[in-house]
Protein chains: 2
Amino acid sequence: MSTAKNRHHHGDLKRALIQAGIDLLEEGGLEALTLRKCAARAGVSHAAPAHHFAGLPGLISAIAEEGFAIFSKHMTDAIKAGEQTDRERLRSICRGYLQFGLSHSGLLKVMFGEHGLGIHAPRNKREEADAYLILRSVCAPFVLDGEDPHTVEAQVWSLIHGFTLLYIGGEFGCSTTPIEDSPFEAVMALIDRIGTQTET
Amino acid sequence: MSTAKNRHHHGDLKRALIQAGIDLLEEGGLEALTLRKCAARAGVSHAAPAHHFAGLPGLISAIAEEGFAIFSKHMTDAIKAGEQTDRERLRSICRGYLQFGLSHSGLLKVMFGEHGLGIHAPRNKREEADAYLILRSVCAPFVLDGEDPHTVEAQVWSLIHGFTLLYIGGEFGCSTTPIEDSPFEAVMALIDRIGTQTET
DNA sequence: GATCAAATTTGACACTGTAAAGTTAATCTT
DNA sequence: AAGATTAACTTTACAGTGTCAAATTTGATC
């Protein structure tokens, strides 16, 4: 009696298909992601995936969900690294966001894409590592008195999400050497002003 | 002797194909955009587009280029509306950015997508209406002494681009009634702090 | 009017998603 | 334990897609 859920031929086909899909996605982008190729990589016939996902959109949704899990782990690690002040944690999460985008650009696009469900889709397991809750907790210390928490979240999220996508897309002069670049530092400088009093 | 470049059967097939592509894109998203459907809508055979574009990616690039032209006009109109202060112009361009995204979401995704070429691709005609130059000119008044102009541009662009994509994706509670909503106002409040002195 | 080149069509091929029917293997029932 | 049942997977088939090579049409040129 193994830990795998499926009993027949393949040990855990569903997971194997998701992993094959992620590999194809990161190797050749969304266009290379194909049900038949995933099936071939998993060693099953081309129609097998239909029994585990609702077509290609269904597989993409599952990949996106797995992507959010990886993303959440990435964020959690970025925050846990050493003792940090609230401000440092906010900076760390932004750096982690960009780094995730750089190393998993295909995954990030799928997560927020057409069939990606978005960040608020209910993930069955480990609610405490939910990506949105991480963002929320890191932003919380910078919510001013009487201010809506969503305000800070929207500011931080929009800034780092927009910068990451534009940076990945090469809009800031395609992938200049270090991350510590002027446009990123500009964004971080603005992040640093969030949660401070506006000058009169 | 007409103004059309093409001499044979169709008056201006290239433009007709691009327009058909934009229609398909906004009707059914990127998945509905197909060379054969574009050809059918333009009333030509399925292989005709190959003589005007480098395959589907080529058509998408052309659509993206047309999208940037529409985008630039949208921005220009937003700025020209009435006499505005520099600060009002900055707010207007951000509102225009979001409004364009709301009414042309498919086009916006293609413009910054895989085959979209991005905002810096050389557009042959009307350089003065280039989208990036518009952003640059609106941001210019808020560049502090000795500061890199790219700083302000990166801040403004990242903020409004990220917010627009997240808003379109329904991440802020899918399309709440008016644009003057709390998350958008939060972003605008941060925009209003750009170009002001940081408190000591 | 014959020639020529560009624009478009026709036909074909490989690849894709998808559905229906068939096959295998593990579980259940009695 | 033997047959029935069901889940996992395969096989087969079909419509739609991009793409290529070869006709074919069309407008212009000489």
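These numbers come from a predicted model, not from an experiment. Chain letters run A, B, ... following the sequence lines, proteins first, then strands; residues in each count from 1. Heavy-atom basis, side chains included; hydrogens, waters and symmetry copies ignored.
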Please work out if T34(A) contacts a base, only the sugar-phosphate, or nothing of the nucleic acid, heavy-atom cut-off 4.0 Å.
->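 Sugar-phosphate contact only - T34(A) comes under 4.0 Å of backbone atoms but never of a base.
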NA contact type, A50(B), heavy-atom cut-off 4.0 Å: base, sugar-phosphate, or nothing?
->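 No contact.
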Euclidean distance, atom [atom1] of residue [X] to atom [atom2] of [N] [Å, nearest integer]:
| X | N | atom1 | atom2 | answer |
| --- | --- | --- | --- | --- |
| D12(B) | dT8(C) | CG | C1' | 15 Å |
| R41(B) | dT17(D) | CZ | P | 12 Å |
| L24(B) | dG16(D) | CG | C1' | 14 Å |
| L17(B) | dG18(D) | CG | P | 12 Å |
| L56(A) | dG16(D) | CG | P | 18 Å |
| F53(A) | dG17(C) | CZ | P | 13 Å |
| H51(B) | dA21(D) | NE2 | P | 11 Å |
| H52(B) | dT9(C) | NE2 | P | 9 Å |

Validation row, ring centre [X] to ring centre [Y] under 6.0 Å:
| X | Y | answer |
| --- | --- | --- |
| F68(A) | F112(A) | yes |
| W157(B) | F172(A) | yes |
| Y97(B) | F71(B) | yes |

Sidechain-backbone polar pair: E88(A) side chain, T85(A) backbone, donor-acceptor under 3.5 Å =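 Here the side-chain-to-backbone pair exists.
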Please evaluate the base of dG11(C) for a donor-acceptor partner in the side chain of H46(B) within a cut-off of under 3.5 Å?
-> yes
Donor-acceptor pair (no angle test) under 3.5 Å: R36(A) side chain, dG17(C) base |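 Such a pair exists between side chain and base.
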Of the candidate nucleotides dG17(C), dC9(D), dT8(C), which contains the atom at the shortest distance from the side chain of L13(A)?
-> dC9(D)
